[in-house]
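Throughout, numbering of the chain's residues begins at 1 and tracks the sequence. No hydrogens, no waters, no symmetry mates; every other heavy atom, side chains included, goes into these values.
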Amino acid sequence: MNAADRRFGTAVLTGATSGIGEATARLLATRADTLVIHGPEPTAEVARLLADLRVLGEARVHYVEADFTRLDAVARAAREIHDLAPNGIHLLINNAGVPGAPERIVTPDGFERTLQVNALAPALLTRLLVPALAPGARIVNVGSSAHRVERFHFDDIDLRADYSPVAAYARAKLAMVTWSSLLAEEEAATTTTAVALCPGLNDTPLSAAMMGRIGGSPAHGAARVLHAATAAVPSGSYLESDRIVDPSREASSGRNRQALTELYWNRLSLFAARARS
């Protein structure tokens, strides 16, 4: 069965209201029985998109609003998504992301915004949704080849001393790609698979904010995401141009992987515990 034929029971897609996420939502509307999409906007602001998705296919479309700059909101979103998926989640796509801001922004939780939205929030959401995953579920984490241009700086993970928009974005995607393979290791004893991918350079609001209007159509990136959702590849794979490639050495370093695991535990365990209480 190829990507065009594959159907899903319940698909969950974050960052679905613009760019690659919106294009992916339009593909999934014809391929899922239930489609739960997430965005930071109030429901009224995405009413037209929701109407379009409901016309495109037979999927039952639900919208979950959550601001990923607030980890308590991520936890609330996880509870809402759990309730919307009584038969389990078959596909979870972590696509939500922001560009590096012109000036450094710190979230209400005290973390650099790009790292929180692009890396910490997806990890927390995923951890809280793992109990709701259906047998054979796949988790798709949207990374970027930009992760190759930066290194981890665990002594200044929030870029207090040396902030730049590109560095913030690239380091956040480095964390995402590294965490994705760590997640695959955690789920190795289950039937859940986790893969990460670079969707290529696409003309989206996110890329335009940092690089201007360059790249292909968001539909091209959406096709890469759908391929990652359906490809017969080992859990833990990282894909570029629909092919398995090695991530950067930084992402493969045992020392970095241990440090990232500790960082995620220190920053997310409290929010996870609150969500479960």
Side-chain angles (χ1 to χ4, degrees), residues 1-68 73-74 76-98 117 121-122 125-126 129 132-134 136-142 197 199-209 213 215-231 242:
M1 180 179 293
N2 60 35
D5 298 327
R6 175 70 183 274
R7 289 196 60 84
F8 304 95
T10 297
V12 176
L13 170 64
T14 69
T17 55
S18 66
I20 292 172
E22 179 180 344
T24 303
R26 293 181 184 278
L27 293 178
L28 289 174
T30 66
R31 294 166 171 81
D33 297 328
T34 299
L35 175 59
V36 182
I37 65 170
H38 151 267
E41 302 92 344
T43 304
E45 293 184 14
V46 296
R48 183 172 180 178
L49 171 61
L50 295 174
D52 287 349
L53 295 175
R54 288 165 179 149
V55 170
L56 280 172
E58 298 180 356
R60 296 180 293 275
V61 180
H62 303 281
Y63 180 67
V64 173
E65 174 194 346
D67 178 358
F68 276 15
V74 175
R76 288 194 296 273
R79 290 193 294 270
E80 188 173 347
I81 292 168
H82 191 285
D83 291 343
L84 292 169
N87 297 319
I89 297 167
H90 302 85
L91 174 64
L92 169 61
I93 302 176
N94 287 308
N95 170 72
V98 293
V117 174
L125 181 74
T126 300
L129 290 180
L133 295 178
R138 172 156 292 188
I139 303 167
V140 175
N141 299 309
V142 180
L197 78 144
L201 183 58
N202 301 269
D203 184 4
T204 66
L206 187 153
S207 64
R213 300 299 298 271
S217 164
H220 173 82
R224 308 285 71 73
V225 173
L226 187 62
H227 174 82
T230 58
D242 295 347

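- Nearest heavy atoms, A96 versus T14: N-OG1, 3.0 Å.
- Residues satisfying the side-chain hydrogen bond (donor to acceptor under 3.5 Å, both in side chains) criterion with D242, sequence neighbours excluded, are R224.
- Residues forming a side-chain contact (heavy atoms from CB on, under 4.5 Å) with D83 (at least two apart in sequence, or on another chain): none.
- Applying the side-chain contact (heavy atoms from CB on, under 4.5 Å) criterion to A137, with sequence neighbours excluded, gives L133, T192.
- Counting heavy atoms from C-beta on, the side chains of H38 and L125 never come closer than 4.5 Å.
- Every residue two or more places apart in sequence or in another chain that forms a side-chain contact (heavy atoms from CB on, under 4.5 Å) with P42 is listed here: E45, E65.
- No option in T10, L129, V36 other than L129 meets the side-chain contact (heavy atoms from CB on, under 4.5 Å) test with L92.
- Taking every heavy atom of both residues into account, V117 and P122 meet most closely at O-CD, 3.3 Å.
- When L91, V12, V225 are each tested for a side-chain contact (heavy atoms from CB on, under 4.5 Å) with L28, only one passes: L91.
- Between Y63 and L84, the closest side-chain pair of non-hydrogen atoms is not below 4.5 Å.
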Enumerate, atom names and distances included, each donor-acceptor pair closer than 3.5 Å involving a side-chain atom of residues 47-60, sequence neighbours excluded.
unit_1: D52; atom_1: OD2; unit_2: R26; atom_2: NH2; d: 3.4
unit_1: R54; atom_1: NE; unit_2: V61; atom_2: O; d: 3.4
unit_1: R54; atom_1: NH2; unit_2: V61; atom_2: O; d: 2.8
unit_1: R60; atom_1: NE; unit_2: T34; atom_2: OG1; d: 3.3
unit_1: R60; atom_1: NH2; unit_2: T34; atom_2: OG1; d: 2.9

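- Between R31 and L226 the shortest heavy-atom distance is NE-CD2, 3.5 Å.
- Contact annotation: the side chain of V98 never approaches that of F68 to less than 4.5 Å [non-hydrogen atoms, C-beta and beyond].
- Between I20 and G221, the shortest heavy-atom contact is CG2-C, 3.9 Å.
- Looking at heavy atoms from C-beta onward, I37 lies out of side-chain contact with V46 at the 4.5 angstrom threshold.
- Closest non-hydrogen pair, D67 versus A73, comes out as O-CB, 3.6 Å.
- Taking N141 as the reference, N94, S180 meet the side-chain hydrogen bond (donor to acceptor under 3.5 Å, both in side chains) condition, with sequence neighbours excluded.
- Summarising the geometry of P218 relative to A23, their closest heavy-atom pair is O-CB, 3.7 Å, with the distance given to 0.1 Å.
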